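The structure appears right after this line, and notes come after that.
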Amino acid sequence: MARESMQFEVVVVGAGPAGLASAIRLKQLAAREAVELGVCVIEKGSEIGAHILSGAVMDPRALEELFPDWKALGAPLKTPVSEDRFLFLTRSGSLRVPGLLLPECFRNRGNYVVSLGNVCRWLGRQAEALGVEIYPGFAAAEVLYDGKGGVRGVATGDMGVGRDGKPTEQYQPGIELHGKYVFFAEGCRGHLGRQLMERYRLSADSDPQVYGIGLKELWEIEPEKHQAGLVIHSAGWPLAADTYGGSFLYHMEDNLVSVGFVVGLAYANPYLDPYEEFQRYKTHPDIRMFLEGGKRIAYGARAIAAGGLMSLPRLTFPGGCLVGDEAGFLNASRIKGSHAAIKSGMLAAEAAFAALRAGRSADELDAYGAAFQKSWLFEELYRARNFKQWMSKGLYSGTVMVGVEQTLLGGKFPWTLHHDHADHECLRPASESKPIDYPKPDEKLTFDRLSSVFISNTNHEENQPCHLVLKDATVPVGLNLAKYAGPESRYCPAGVYEFVKNGDGTDRLQINAQNCVHCKTCDIKDPTQNIVWVTPQGGGGPNYPNM
């Protein structure tokens, strides 16, 4: 069956904060100039916000530029930050950093504790009111190129394809969406974004990207323990000092608390299990005191691109651009990215609108990169450019140097630090590593993976091709299990990968693709880069409420 096609001025892939902000800004500019402009957003989640996961404490600066009247419009920024705490945790105690010594990047006065999923749902309503066409449940599966090698659109995935790769009775071909420009806003380690970076060598002049996995739970806690706007960050236990990571605990409205844990994916010990480290973290006296007696109501996980300015790729290529965390617009030192995503989307939209008004199409939007270089976002990321490099030197020495650079020098360190290795290159052989004994879950404060996946509301049509593709099916057992003790069974936060015994006693890797929460960690951390995450049928994956 031939694929149908639709034509727009701009096609946006992904309905996160960056994609929606870019679509909104394009329509705002079109309305101001009284011109018609066709803008389409496609989203692989079942609805806007279904796949959105973030802490989140939000800096409203970019939102203020997009919608100066955001409060009157009812934006769901309801809980201003009331107090900041930063703790260094030991196994049974903690050290609180005095407020006067807290670097500016950890101060959140004027920011809001939010559900980023609900912010995106609100942005989606604003976009539709402006005339943006939004299609949730449609996953962009293929980049379309013109005869000159530029991007001319994307195609959504075919629906109704069986596990054997053959069409079923429910088969429907994908749709081609053609645009004069295409914005890619898939989030961290986007399936199509990865292909574009390789095709156009967008990262040739950048440091390798640095990733982390963020795991989050939403709890309803006892009212007497709730303090609206309280923001707690921590570092230290349960992670070793040489492993980058930290935690957050954010008090929202209505007795809700977001609790989460981030582990840098450059960790070396293959026995480390980010999910289990998160569960251990909740047992610390300073954390469990909030959660005991409460109820866990949601769970999710997502990789983040945390390399900052030095890892940003070239943002543009013929016919399109990267926005938001697709490119890596996250300030790891502030533990924030939503404001950066919105601003990047706005800058790209302004460059594309000017190009369209000039009669251009399918060329490179150089004005986007130039505008970023002159923006407050560039200045912010420049001040934080050494953060991850310092922290890679260890918790204690890294903390001291971040404090010196940010507090004493205001981010104006005279040198720029670099790193030259990818996260997957850091894993040591199991023979050189120490196993970690994790306690069993108590099902009150700590939980097993499958019960967590259950409350992520994850679902995939089981009769579809596996979206976790092995380049070489012999590698998981022959190399990963033999040399690294099968790390995929631990770094996956959803129980997708498990090694099981065949009838003859040999091992095989079983892939439970229906559990996948689309975090992309396997695509990043696999030591041989043998696992490739490709988009499944649209509408599958998690369905996050209030995350």
Side-chain angles (χ1 to χ4, degrees), residues 9-14 16-33 35 37 39 41 59-68 123 127 130 132 150-151 179-186 193 196-197 200 202-206 305 307-331 334 336-385 411 416:
E9 270 72 43
V10 178
V11 174
V12 180
V13 180
L20 291 169
S22 62
I24 288 167
R25 187 63 180 143
L26 282 162
K27 280 294 193 177
Q28 287 176 334
L29 294 170
R32 189 178 69 186
E33 298 292 325
V35 298
L37 193 71
V39 181
V41 178
D59 181 342
R61 182 174 186 177
L63 183 64
E64 186 90 30
E65 294 180 358
L66 187 63
F67 287 112
L123 286 171
L130 290 166
V132 177
V151 172
K180 295 179 180 178
Y181 294 103
V182 184
F183 289 16
F184 292 86
E186 301 170 286
L196 292 165
M197 288 188 193
Y200 295 111
L202 300 181
S203 298
D205 298 322
S206 308
L309 186 66
M310 307 317 298
S311 296
L312 279 183
R314 194 171 83 249
L315 301 174
T316 60
F317 41 85
C321 62
L322 308 177
V323 294
D325 211 27
E326 181 93 80
F329 281 110
L330 180 140
N331 186 338
R334 296 187 67 197
K336 290 177 182 60
S338 56
H339 69 299
I342 290 171
K343 182 62 174 178
S344 70
M346 293 174 66
L347 293 171
E350 289 160 4
F353 184 77
L356 291 166
R357 290 291 279 160
R360 293 163 46 199
S361 67
D363 57 1
E364 198 147 344
L365 294 170
D366 295 326
Y368 168 33
F372 165 62
Q373 293 277 339
K374 297 177 181 178
S375 70
W376 57 258
L377 178 56
F378 178 87
E379 293 179 3
E380 178 183 316
L381 295 179
Y382 184 82
R383 289 195 300 272
R385 70 195 186 282
T416 297

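As the structure is a prediction and not an experimental result, all values here were calculated from the model.
Shortest non-hydrogen contact noted between L347 and F372 is CD1-CA, 3.8 Å. In terms of heavy-atom proximity, M310 sits nearest to R385 at CG-O, 3.8 Å. Taking both residues in full, the closest heavy atoms of Y181 and A355 are given as OH-CB, 3.4 Å, listed atom of the first, atom of the second, then distance. Closest approach of L365 to T316, counting heavy atoms only: O-CG2, 3.3 Å. Minimum heavy-atom separation, V323 to A18: CG2-CB, 3.9 Å. Here the closest non-hydrogen pair linking A349 and S22 is CB-O, 3.4 Å.
Salt bridge present: R314 and E364 bring a charged side-chain N and a carboxylate O closer than 4.0 Å.
Residues Y382 and L377 form no side-chain contact, since every pair of their non-hydrogen atoms from C-beta on lies 4.5 Å or further apart.
A donor-acceptor contact shorter than 3.5 Å links the side chain of E186 to the backbone of G193. Under a 3.5 Å cut-off, the side chain of K336 and the backbone N or O of R334 do form a donor-acceptor pair. Side chain of S344 to main chain of A341: a donor-acceptor pair is present (N/O by atom type, distance under 3.5 Å, no hydrogens or angles). Using modelled atom types, no side-chain atom of S203 and backbone atom of S206 make a donor-acceptor pair closer than 3.5 Å.
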Between M197 and L322, does a side-chain contact (heavy atoms from CB on, under 4.5 Å) hold up when you go through it step by step?
CA-CA 10 Å; M197 288 188 193; L322 308 177; 3.7 Å; yes
